[in-house]
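For the numbers below, each heavy atom of this structure counts, side chains included, while hydrogens, waters and symmetry mates do not. In what follows, chains are A, B, ... by sequence order, proteins preceding strands, each numbered from 1.
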There are 2 protein chains.
Amino acid sequence: MKVSLKDVAERAGVSIKTVSNVVNDYPHVTPAMRARVQLAIDELGYRPNLTARHLRKGRTGIIALAVPELGNPYFAELAGAVIDVAAQHDYTVLLDHTRGEREQEILVSQGFRARVIDGLILSPLELETEDLRSRTDDPPLVLLGERRYDLPYDHIAIDNIAAARTAVRHLLDLGRRRIAFLGSREGRTHEPAHLRLLGWRAELADYGVAADEDMVVFAQGWGREDGAAAMARLLDAGQRPDAVFAYNDLIAIGAMRVMFERGLRVPEDIAVVGFDDVTESRFGAVSLSTIAPDKQAIARLAVESVMASLGGDAAADGPGRGSRELQPGFELVQRESTLGRGGTPVRD
Amino acid sequence: MKVSLKDVAERAGVSIKTVSNVVNDYPHVTPAMRARVQLAIDELGYRPNLTARHLRKGRTGIIALAVPELGNPYFAELAGAVIDVAAQHDYTVLLDHTRGEREQEILVSQGFRARVIDGLILSPLELETEDLRSRTDDPPLVLLGERRYDLPYDHIAIDNIAAARTAVRHLLDLGRRRIAFLGSREGRTHEPAHLRLLGWRAELADYGVAADEDMVVFAQGWGREDGAAAMARLLDAGQRPDAVFAYNDLIAIGAMRVMFERGLRVPEDIAVVGFDDVTESRFGAVSLSTIAPDKQAIARLAVESVMASLGGDAAADGPGRGSRELQPGFELVQRESTLGRGGTPVRD
DNA sequence: TTGAAAGCGCTAACAG
DNA sequence: CTGTTAGCGCTTTCAA
């Protein structure tokens, strides 16, 4: 049934070692020998047992990527990019999701969920610094996203404050002054959407516009329905924003849905800017202006960081190993939700 | 550094086997003994080496799910469901994507991409029957989606013809008669969207409406941009449909975007029905009516099918093993793209 | 250049 | 109830 190196060796009348050499493209093998062994391999349909190889070499060729939710297209798109980059390094990706729950994130970070992996890329939401302290000799870890931890792990995130400022600035330049902020879920342990909210405050301040904290609304989660609920709450409270900056595209899309339902025009009555540049944002009745993080760069940096930790076992404690702040770029994409259908600013 | 069973055994002054028994919750162990061993485990921070266990047991605890594209929310949502179901069986999911390319699908089906797995769930697009014939003793395989193969593998798909007929019938009942069909990418090897197109033809015929083949448009792919392009092509050709049935939600969303751009009202001018019920379809300016396959059931059946093939090694050739047609349910979800804002049918 | 033998860490027989 | 031993399939010294 299952053919092993031994079977091939017997068939070819050589030793196991020789077959292994052929399989692994070891340089010093006689062409004749190689041919003979290859023949036996083909005849028997031999396929190496990766598990055994991994046991021997101590590596599995698998890295895990854990994100809050695959249903969020931002993470789905990012996952696709990570899979592609990993494939270039001959690595396969094991995907896991945490629902943004601290318990799940802890489990993942300690390797209890995704096992048998050489490295881990984690995008946490609720995880705390202390949760990571207890990590012992688990595989290399790279952190993604807004949260920062003062621990010796590489961290990859765009400059969230700068990005938020750019978005708000765009709205200000368009003449908007009553700019609401729709945030993500309220965390149990920390202020959600922290950096983006800071950016909102800072840019308003710099521009000389008073930040109205009543225009800040948090949601139950980070999905479209949460954006819709938050927007409804804002309007029901009697607020009349002339612009909305949302924590992410999904919240922006949910918010716009409520505006449509209530007969509010986008951008004439309310301009909207999102965050993430998911594909979906280009195809609504009103396409969405948004901050576009460089997802390709994020994926590349994440995978390369893991690969680096994998390679440099010797210099495990060397300087700069696994405690870098990696900052991919972003850009503001201006679409109809701020510029209007014509492509030029629209104001009533 | 790395602590193994042996280290723990020495520390606790017992044999390796005893430690193994404790680790695996083997029933017949003295509480005292168990406590002593557990202490040693904790002191040393022992964690079992899964790779070694897998080599020994011949199983890895990992199944692979390969879909065309994670960027398509239907597959992302399905993947999330599969991950959850697999977790209930103590299995982890390795996700891969094929871009719907035949080469990639072949590689995946033969285990060259996702390696070290106990089973495989594959959602093929271009794969041909012959490509699967050469599979030797690769891990159990389950096929998902519209394509059918006359091979001894379980196949899971909703009744696509019935679903398509339901969608078309809904439009007919609303009084629409010029119903266009927007298909998926034209395959190199087979008619795309085959079953759904058959359903479209069949329902029109049964209803006594002549099927106008000029109202059938295929796209370059299965994304929003492809739907937009197809819709533009249809309109530019001078066709004036009063309804559109799209191969999937993304194509429907892309098509609607073009309608909005051209000032056509949905559903007054053109009613639209999609397929998949991705979350996104509920949140557009005009929410999308669609066919909702039971994703939970699909995920459950897929994982259970793999588990079954894994368990019944003895009855590997037994009747019914791995050649069943599993058919989860679906339902028509009526939203604004056919009923209009008021929730009741709208016609100009 | 190729062969023999050891061992990665674990589990499964089989004794005791 | 616990210990001893063999071996999963592979790579890797060390010899030849």
Side-chain angles (χ1 to χ4, degrees), chain A residues 1-41 44-62 90 111 115-118 137-139 313, chain B residues 1-41 44-62 90 111 115-118 137-139 313:
Chain A
M1 196 85 269
K2 281 289 175 192
V3 312
S4 73
L5 272 189
K6 190 157 70 103
D7 302 319
V8 178
E10 282 174 8
R11 172 84 167 214
V14 299
S15 87
I16 288 184
K17 166 66 173 163
T18 305
V19 182
S20 175
N21 283 343
V22 172
V23 171
N24 293 290
D25 277 324
Y26 188 69
H28 309 294
V29 197
T30 329
M33 179 93 299
R34 179 179 298 280
R36 188 157 116 227
V37 172
Q38 189 59 51
L39 182 66
I41 288 177
L44 265 38
Y46 169 75
R47 298 263 297 278
N49 178 325
L50 279 295
T51 307
R53 179 177 293 173
H54 295 156
L55 172 59
R56 187 61 236 229
K57 303 184 77 150
R59 298 234 180 124
T60 64
I62 299 176
D90 276 321
R115 306 164 296 190
V116 207
I117 57 171
D118 290 344
D137 58 356
D138 287 300
D313 277 0
Chain B
M1 195 86 270
K2 281 289 176 190
V3 311
S4 73
L5 271 189
K6 190 157 70 103
D7 301 320
V8 178
E10 280 173 9
R11 173 82 168 215
V14 298
S15 86
I16 287 184
K17 168 64 174 162
T18 304
V19 182
S20 175
N21 283 342
V22 172
V23 171
N24 293 290
D25 276 324
Y26 188 67
H28 310 294
V29 197
T30 329
M33 180 94 298
R34 179 180 298 280
R36 187 154 118 228
V37 172
Q38 190 58 52
L39 182 68
I41 288 178
L44 264 40
Y46 168 75
R47 298 263 298 277
N49 178 325
L50 278 295
T51 307
R53 179 178 291 173
H54 295 156
L55 172 59
R56 183 63 237 225
K57 304 184 74 151
R59 299 237 179 121
T60 63
I62 299 176
D90 277 322
R115 307 165 295 190
V116 207
I117 57 171
D118 290 343
D137 57 356
D138 287 303
D313 276 0

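- Distances shorter than 4.0 Å separate some side-chain N or O of B/Thr18 from OP1 or OP2 on D/dG3.
- Between A/Val116 and B/Thr60 there is no side-chain heavy-atom pair separated by less than 4.5 Å.
- Put simply, the side chain of A/Thr51 does not reach to within 4.5 Å of the side chain of B/Arg53, judged on heavy atoms.
- Nucleotides of DNA chain C that come within less than 4.0 Å of any heavy atom of chain B span, from the 5' end to the 3' end, C/dG9 to C/dA13.
- Tested against B/Gln38 for a side chain to side chain contact (heavy atoms under 4.5 Å, CB included), the candidates B/Val8, B/Val22, B/Val19 yield a single pass: B/Val22.
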Under 4.0 Å protein heavy-atom contacts per nucleotide of nucleotides 7-16 of chain D, with B for base, S for backbone only and - for none: BBBBBB----
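- Summarising the geometry, atom CG belonging to A/Asn49 is positioned 9.0 Å from atom NE2 belonging to A/His54; distances are rounded to the nearest 0.5 Å.
- Once rounded to the nearest 0.5 Å, the distance linking CD1 of A/Ile16 with CG of A/Asn21 reads 12.0 Å.
- With a 4.5 Å cut-off on side-chain heavy atoms, B/Arg34 and B/Asp25 count as touching.
- Side-chain contact between A/Ser20 and A/Leu5: present, with at least one pair of heavy atoms (C-beta onward) separated by less than 4.5 Å.
- With contacts defined as side-chain heavy-atom distances shorter than 4.5 Å, the pair B/Arg11/B/Asp7 does not qualify.
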